[in-house]
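I'd like to ask some things about the structure below.
Every number for a ligand or one of its atoms is a count from 1 in the order of the listing. Just so it is clear, the structure is predicted and the values come from calculations on it, not from any experiment.
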Amino acid sequence: MPTPKYQKGDKVMGRWPGSSLYYEVKVLGFDATSRLYTVIYKDGTELELREQDVMSLTGFQTRSRSRSRSPGRRRSRSRSPGRSTRRSSSRTASTAITEIAPSSRRDSRLKDTLEVRLSPLKSEAKVEKDPEKNQGRYNLRRRKDEGAVTTTEANSGLQEEEKNDVFAVPPNIPSAPLDFGGKMGAYFWLLFLPSWVLFLLLQISQEDPSLANFPPTLPPLATFWDAQALGFVLLWILFQALLYIVPVGKLSEGVPLRSGKRLKYRTNGFFAIVVSAVVVAAAVHQGVDLTYIHSYFLQLATASLLISVLLSIYLYIRSCYAGPDQLALGGNSGSVVYDFFKGRELNPRIKDFDLKFFCEMRPGLIGWCLINFAMALAEMKQQGLDAPSYPMILVNLFQLLYVVDGLWNEEAILTTMDLMHDGFGFMLAFGDLVWVPFTYTLQAYYLVGHPNPVSLPLLTVIILLKLTGFYIFRKSNSEKNAFRRNPSDPKLSYLKTIPTATGKSLLVSGWWGMVRHPNYLGDLIMALAWSLPCGFSHLLPWYYMIYFIILLLHRDSRDMSECRRKYGSAWEEYCRTVRYRIIPRVY
Ligand code: NDP
């Protein structure tokens, strides 16, 4: 049996699949039958490479070595959060890899950040012209995805030498392009979003909330403030925090971070909503008047806004002390305002208490249901009803189902953009604590003072619509979530996939082969079902639907560019195969 050229532990250059770039890798093993080397890149990605894509270090010429590679030095540099390291290269898994690109001369600024620049002695022209063709010839299994994951705990078992060398996390690379209109956009959104929410609440609280009554009369400033409302919101958040730390429910692992670690999350959201429901029901039974929420809606929103601003300031300050590997790629522009808005730290935690996860899933989301319930009670009181109207029941049940489903499948949020990519800053804090509870409840608020009788056939159509949307939404999200959690899950073996250079694959059949965002399609159908019970007399109950279309279109294009950058040619191939974005044959 021929002996392999390189032995376990050798440091060699490995070609990044689908590209002409070579990176320094460490050999972990060799399979004599398939003649594939298992190698590990500096970011922890493990791949199997063909023999001819593995070369000795001496086959490359060092152009410059602008920085010491001593781990100690790298660490001391990485601890400086204010330092903005710019690199214009792709920010896929390969960002964590020493780059070897003949074209690196282009940008002299790169000199500072690239540790080693090498170019193959052989002409690049010899490299296959069609990188996509190559992809089939690699085994792109990312072994970490197959269960041999590095958890926070498991990491502590690593050899010290490995921690400091091969597994060392390079400095953060703030290479994500600015979103939301960039720095000027951040100023705009910071002022616009709170004003918009307050405007909506003032507009809908009018007897006739139609556009004819635009703009609403501005009440005295003192009207916006109520200390009791602030106390009520704080109590609610503390109550939810208490439920979050109760050691009930599963400890789920998030997706691997850039460091290779996986954080653990207490996914007891369903428990939290059940306990909340019991406590609220007991309170109502004891005579607590929940219609207070309807009467003090504006003041409760202002109090939540204040809390979200204070939280964002805290998050920004603490992000200045976070290591580069703890920062999100998108929130490190160097502009204080943009970064404050977008969020810098990816997973801010106080011990095991994950602030982003908690805010995304608990006070606002469960608060949404509490507010809807309060609106049903307010409707009964205001209109002298013994029971809520059918439209109110539908809106309550539909949205309750959405929230309960989200909490039942809480683990699924761990593979969404918010959790995986976005830093925790004003955008998410405000979204979670103000936007969701106070604008998603507008339909219920509207129905309190604007009855809209619905015929039985229309009721049936609305229910069917909701169920269809929910089915598409749930099935597609679960399919991707299951695949991302365990790509080799035998239950998913019937699905076709495209390998990508990062080691992750893309689904090209099943729900994700139908359109590129089947989950958005389901969500939009559900949004339609939420607005229909309010009728067509006013625009405001349709606000959610209109906003949601804009949100999801923007989110889709944000995700498209993110995936294009991450997956390159594989993403292009996915888009050629799955041509429509959200609605089959339409869009
Ligand atoms: P997705 O859950 O759609 O996540 C997008 C990510 O999925 C991509 O970045 C990529 O990440 C991965 N992906 C994309 N295509 C494929 C594929 N073909 N195969 C495998 N993985 C793929 O996005 P969101 O986080 O925006 O949405 C999650 C859910 O939340 C949706 O149902 C959405 O409707 C809902 N939502 C609801 C909101 C509301 O206010 N009600 C607001 C926002 C979202 P990677 O490859 O890195 O895994």
### Task
Could you find the nearest protein heavy atom to atom 31 (C) of ligand 1 and give me its residue, atom name and distance?
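The closest one turns out to be N519 ND2, 3.4 Å.
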### Query
Looking only at protein heavy atoms, which one is nearest to atom 32 (O) of ligand 1, and how far off is it?
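Going by distance alone, atom 32 (O) of ligand 1 is nearest to N477 ND2, 2.9 Å.
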### Query
Are the aromatic rings of F470 and Y402 close, with centres under 6.0 Å apart?
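No, the ring centres sit 6.0 Å or more apart.
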### Task
Start with the C-alpha gap between Y567 and Y574, add the side-chain angles, then the distance that decides, and say whether ring pair (Phe, Tyr, Trp, His ring centres under 6.0 Å) holds.
CA-CA 10 Å; Y567 300 127; Y574 174 61; 9.2 Å; no
### Closest protein heavy atom to atom 41 (N) of ligand 1, given as residue, atom name and distance to 0.1 Å
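For atom 41 (N) of ligand 1, the nearest protein heavy atom is Y402 OH, 2.9 Å.
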#### Entry: 4.0 Å heavy-atom contact, H517 with ligand 1
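In this structure, H517 qualifies as a contact of ligand 1 - some heavy atom is under 4.0 Å.
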### Query
For ligand 1, is any non-hydrogen atom under 4.0 Å from C563's backbone (N, CA, C, O), its side chain (CB onward), both, or neither?
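It is the side chain that touches ligand 1; the backbone stays farther off.
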### Query
Can you tell me the protein heavy atom closest to atom 25 (O) of ligand 1 and the distance?
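For atom 25 (O) of ligand 1, the nearest protein heavy atom is M417 N, 3.0 Å.
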### Message
Please list the nearest protein heavy atom to atom 13 (N) of ligand 1 with its residue and the distance rounded to 0.1 Å.
### Response
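Protein heavy atom with the smallest distance to atom 13 (N) of ligand 1: K480 CD, 3.8 Å.
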#### Entry: Test item: side-chain donor near acceptor, T267 and E411, under 3.5 Å
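Short answer, no.
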### Query
Distance under 6.0 Å and angle within 45° of the ring axis: does R349 meet both against Y265?
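Yes, R349 lies over the aromatic ring of Y265.
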### Query
Got an N/O contact under 3.5 Å between Y520 and ligand 1?
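Yes; at least one N/O pair falls below 3.5 Å.
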### Message
Just checking Y390: does its OH atom have more than 12 heavy atoms from other residues, nucleotides or ligands closer to it than 6.0 angstrom?
### Response
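Open.
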### Task
With heavy atoms under 4.0 Å as the rule, classify the contact between D559 and ligand 1 as side chain, backbone, both or neither.
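D559 to ligand 1: side-chain contact only, backbone stays beyond 4.0 Å.
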### Message
Looking only at protein heavy atoms, which one is nearest to atom 18 (N) of ligand 1, and what is the separation?
### Response
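Sorting protein heavy atoms by distance from atom 18 (N) of ligand 1 puts L507 O, 3.0 Å first.
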### Query
Applying a 4.0 Å heavy-atom criterion (strictly less than), which segment of R484 is in contact with ligand 1: side chain, backbone, both, or neither?
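The side chain, only.
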### Query
Could a heavy atom of K566 be found less than 4.0 Å from some atom of ligand 1?
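The answer is yes: ligand 1 sits under 4.0 Å from a heavy atom of K566.
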### Task
Pick one of side chain, backbone, both or neither for how W435 approaches ligand 1, counting any non-hydrogen atom pair under 4.0 Å.
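Contact part for W435 vs ligand 1: neither.
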### Query
Which heavy atom of the protein is the closest neighbour of atom 34 (O) of ligand 1, given with residue, atom name and distance?
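That would be D523 OD2, 2.4 Å.
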### Query
Below 4.0 Å from any atom of ligand 1, is there a heavy atom belonging to L551?
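Right, L551 reaches ligand 1.
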### Pair R362 + E410: basic N to acidic O under 4.0 Å
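Judged by the 4.0 Å cut-off on N to carboxylate O distance, R362 and E410 do form a salt bridge.
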### Message
Just to confirm my output: which protein heavy-atom neighbour is closest to atom 28 (C) of ligand 1, and how far is it?
### Response
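The closest heavy atom on the protein side is T416 CG2, 3.6 Å.
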### Query
Where do Y580 and Y587 land on the ring pair (Phe, Tyr, Trp, His ring centres under 6.0 Å) test, with the steps shown first?
CA-CA 5 Å; Y580 293 95; Y587 176 78; 8.8 Å; no
### Query
Would the number of heavy atoms belonging to other residues, nucleotides or ligands and lying under 6.0 Å from CG of D489 be above 12?
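Above 12, so yes.
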